Number of protein chains: 2
Amino acid sequence: MDAAHDTQTRSNGGLPVFGSDTCAAELDEMMKNAQEASNFLKAISHEGRLMILCHLASGEKSVTELEELLSARQAAVSQQLSRLRLEGLVQPRRDGKAIYYSLTDDRSTKIIEVVYNLFCGKNRQT
Amino acid sequence: MDAAHDTQTRSNGGLPVFGSDTCAAELDEMMKNAQEASNFLKAISHEGRLMILCHLASGEKSVTELEELLSARQAAVSQQLSRLRLEGLVQPRRDGKAIYYSLTDDRSTKIIEVVYNLFCGKNRQT
DNA sequence: GGTCCATATTCGACAAACGTAATATGTTTG
DNA sequence: CAAACATATTACGTTTGTCGAATATGGACC
């Protein structure tokens, strides 16, 4: 591993370090990553979708159940699920007439976990 | 602590558990949290702002430096910084003509860390 | 096959986010 | 104080996101 081009950090809590040696190619790579990441974040930065993910974190739910939990209309919930499906964050499973959704992506689980700790935990971190 | 109404989890990686006992008041609380969280996520789910935060993670930067790092126009960068400032995620410090920005919030640091690991780490988690 | 129920999709209206250009504020220097 | 520089703000046109209403699909039951 080339230390001179190691944007990974050491002893910094996992955060990146961009020193003066950060070159154009690295910035380019970074932009690609940022785009991917921001798409992902956009997908989850919506009150309804966030609540859906949070509810799914405790197990699969049918669309109707989600409608009730969110006090939202059928179309809206279905649309948000559609979006989450396209992003690959949730997964449908048919059982009779109902369709049950569950989390697919480790990413969503991880982020939800962090967001939950930051905004919903009883031992809220400063 | 009332176990019957404990939405906090045990042995689940810190994720919430909403059982059948989840009542209206809890859902209400959850909605408030979701709104706060989604505001925060919206603030960081923008390619430019994400890159700004990521760059600031390695130390304070002037606006001009950020313009160059992002290959973006002055006004755009300033606007995004303004947004981040309003959300309380970054902090300005004047030094002569230049203004240097740095991260203020633990939240942004924490999330950036996670996002970085998910999307930019060499040892990208699946 | 027809009807009911659960879910998905499409479409149109409306609001919010974004970028650019122009302008304003504030600081240094001569 | 004037000029130059760094940053902030405003105004405006364009795009994108979101919701509601209406419609479509698809399984279950008679």
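So that the names make sense, note that chain A is the first sequence line, chain B the second, and so on, each numbered from 1. As the structure is a prediction and not an experimental result, all values here were calculated from the model. Every heavy atom of this structure was used, including side-chain atoms; hydrogens, water molecules and symmetry mates were not.
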Next item on the list: Identify, with sequence neighbours excluded, every residue that meets salt bridge (Lys or Arg N to Asp or Glu O under 4.0 Å) alongside B:Glu60.
Entry: B:Arg93
Next item on the list: For A:Lys32, check salt bridge (Lys or Arg N to Asp or Glu O under 4.0 Å) against everything at least two apart and list the hits.
Entry: A:Glu29
Check: Taking five pairs at each end, how big is the angle between the two axes of the helix from C:dG1-D:dC30 to C:dG30-D:dC1, to 10°?
Finding: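 Answer rounded to 10°: the end axes differ by 20°.
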Next item on the list: Could I get the full list of side chain to side chain donor-acceptor pair (under 3.5 Å) partners for A:Ser62, not counting sequence neighbours?
Entry: A:Glu65
Next item on the list: Give the first and the last nucleotide of DNA chain C, reading 5' to 3', that has any atom under 4.0 Å from a heavy atom of chain A.
Entry: C:dC5 to C:dT10
Checklist line | Interface limits on DNA chain D, where chain A has a heavy atom under 4.0 Å of a nucleotide atom | finding: D:dT18 to D:dA28
Check: For A:Ala72 and A:Val77, which heavy atoms make the closest approach, and how far apart are they?
Finding: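 In this case the closest contact between A:Ala72 and A:Val77 is CB-CG2, 3.8 Å.
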Checklist line | Qualifying residue for side-chain contact (heavy atoms from CB on, under 4.5 Å) with B:Leu89, from B:Thr109, B:Leu84, B:Leu103 | finding: B:Leu84
Check: Any side-chain donor paired with an acceptor under 3.5 Å for B:Arg85 and B:Tyr101?
Finding: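 Note: B:Arg85 and B:Tyr101 side chains meet the donor-acceptor criterion.
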Enumerate, atom names and distances included, each donor-acceptor pair closer than 3.5 Å involving a side-chain atom of residues 43-52 of chain B, sequence neighbours excluded.
from    : atom 1 : to      : atom 2 : distance (Å)
B:Ser45 : OG     : A:Ser45 : OG     : 3.4
B:Ser45 : OG     : B:Leu41 : O      : 3.1
B:Ser45 : OG     : B:Lys42 : O      : 3.3
B:His46 : ND1    : B:Gly48 : N      : 3.1
B:His46 : ND1    : B:Arg49 : N      : 3.2
B:Arg49 : NE     : B:Ala43 : O      : 2.5
B:Arg49 : NH1    : B:Gln80 : OE1    : 2.6
B:Arg49 : NH2    : B:Lys42 : O      : 3.2

Next item on the list: For A:Ser78, enumerate each residue passing the side-chain contact (heavy atoms from CB on, under 4.5 Å) test, keeping only those at least two apart in sequence or located in another chain.
Entry: A:Gln74
Check: What salt bridge (charged side-chain N to carboxylate O under 4.0 Å, His left out) pairs are there with at least one residue in residues 73-83 of chain A, not counting sequence neighbours?
Finding: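 Qualifying pairs, neighbours excluded: A:Arg83-A:Glu87.
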Check: Starting at the 5' end of DNA chain C, which residue's closest nucleotide do you reach first, A:Ile99 or B:His46?
Finding: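 Residue closer to the 5' terminus by nearest nucleotide: A:Ile99.
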